[in-house]
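Residue numbering restarts at 1 for every chain, and letters A, B, ... go by the order of the sequence lines.
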2 protein chains.
Amino acid sequence: MAHRIVNDDELIAASLDLFRTYGFDGVSLKQLSEATGLEKASLYYRYPGGKDEIVMAAAEDVANWFQKNIFETLKGSSSPQKRVEAVSNRLREFYWGGSKSCVTDVLSLPGGPDKLRAGLKSVMKVWIDAFSQIARESGLPPPLARSRAEDVIARIEGSLIVARVPGDTSAFERTLKLLPELLTKK
Amino acid sequence: MAHRIVNDDELIAASLDLFRTYGFDGVSLKQLSEATGLEKASLYYRYPGGKDEIVMAAAEDVANWFQKNIFETLKGSSSPQKRVEAVSNRLREFYWGGSKSCVTDVLSLPGGPDKLRAGLKSVMKVWIDAFSQIARESGLPPPLARSRAEDVIARIEGSLIVARVPGDTSAFERTLKLLPELLTKK
DNA sequence: GTCTATATTAAGATAGAC
DNA sequence: GTCTATCTTAATATAGAC
């Protein structure tokens, strides 16, 4: 094959797309090679740790995306309701309207380095805290704010499973539409 | 190793426990051999189709369990509320109080035979229909009953992810407690 | 019906040419 | 920095003894 030049962003984006679809154990270096256009040896040159290191880079990418698009948006200066609406739209993009599985779900299965699950756990905890915080800002008492945050995230994740298995994205769409109400109203 | 006699029920139960934890791609015949106490060749004797056939048997087991414990219970003669309470308790057992991942989630990833995903899809559709039906019985208008059924199942599945990733089963427990209300009240 | 032993294929990983 | 070629290990799958 002719030499291909692929920058890190493209490489990790293509890898993430594989991992979020097939899970860590479902992705081989051959698939990564075909998806990125780089031979296996070249992948090892860039990521000496192999599949483990590539999946960690992909997971960091997701963590950074959440930081920028979810957590920072929630700290904005507009009304809580407006901020949650913005977050809802970012989530719709991230999950391609429900047609992409949840990374936190698929990559949290055993398989791959322990650091991977530790990272996902950390992202989800921050996510719960962030939703909980905006619910408190909206006047919900702290214990209710927290359980509401957990329930909303559960519903997002679960509706993505409903989207994947029976193949119906309407539950996901309903959840996103209702997000502002669920997080800011008693 | 000395000859082991393992009946089909034990064999499939042990296999299911592996598959629901690690996913299809995460389970090897070596693991199945160790978990069941049978050598690989013996597994092939019983299930000539190998891993594909074993996972299908495990999935059928799950489908039968849902039929008996969820769908039939929902058709009982007590009040809708009582029936949903009973279902809630069966679900708590099936998921070990939230410490076991959702089979529908873990096994619906690509990997394994297409029949596997087709079967899970079918179970989930029947599940949605069954919850939808009991919501209608309780007086909810059909369109609302259906979306409520989908949302409740999404919340169950999602709360199992919250149980697995940050390791907190409280969202799952809340969902089960609330199940009768969510399915029978406007 | 289960075993040991082995064949076959694919995966992860490295060496060395360019 | 990417390639081809190869090594090593592990997975699926089968043959044949008991």
Interatomic distance, [X] [atom1] vs [N] [atom2] [rounded to whole Å]:
X	N	atom1	atom2	result
A:Y22	C:dA11	OH	P	13 Å
A:L11	D:dG1	CG	P	13 Å
A:E39	C:dA13	CD	C1'	14 Å
A:Q31	C:dA10	CD	P	13 Å
B:L43	C:dT4	CG	P	13 Å
B:L38	C:dT4	CG	P	12 Å
A:Y47	D:dT2	OH	C1'	15 Å
B:D25	C:dA11	CG	C1'	12 Å

Checklist line | Cluster overlap B:L18 with A:L109, hydrophobic side-chain contacts below 4.5 Å | finding: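 The answer is no; the residues belong to distinct hydrophobic clusters.
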Next item on the list: Quick one: name the residues clustered hydrophobically with A:L144, using the 4.5 Å side-chain heavy-atom rule over I, L, V, M, F, W, Y, and just say none if it's on its own.
Entry: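 Its cluster mates, by chain and number, are A:L140.
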Check: Under 4.0 Å between a side-chain N or O of B:Y45 and OP1 or OP2 of C:dG1?
Finding: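 Answer yes for this pair, as a side-chain N or O of B:Y45 is under 4.0 Å from OP1 or OP2.
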Check: For D:dC3, does either OP1 or OP2 sit under 4.0 Å from a side-chain N or O belonging to A:S42?
Finding: yes
Notebook entry, point to check: Regarding A:K100 and the six-membered ring of A:F94, is the cationic atom NZ or CZ under 6.0 Å from the ring centre and inside 45° of its axis?
Noted result: no
Margin query: Going by ring pair (Phe, Tyr, Trp, His ring centres under 6.0 Å), name the residues that satisfy it together with A:Y45, two or more places apart in sequence or in a different chain.
Written below: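 Residues passing ring pair (Phe, Tyr, Trp, His ring centres under 6.0 Å) with A:Y45: none at all.
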Atom pairs under 3.5 Å, N or O on each side, protein against nucleotides 7-12 of chain D: can you list them with distances?
from, atom 1, to, atom 2, distance (Å)
D:dT12, OP1, B:K51, NZ, 3.4
D:dT12, OP2, B:L29, N, 2.8

Notebook entry, point to check: Hey, does A:V123 have a side-chain heavy atom less than 4.5 Å from the side chain of A:V62?
Noted result: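 A side-chain contact is absent here, since even the closest heavy-atom pair is not under 4.5 Å.
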Item checked: Distance-only donor-acceptor check, side chains B:S108 and B:R117, under 3.5 Å ->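 Absent: no donor and acceptor within the cut-off.
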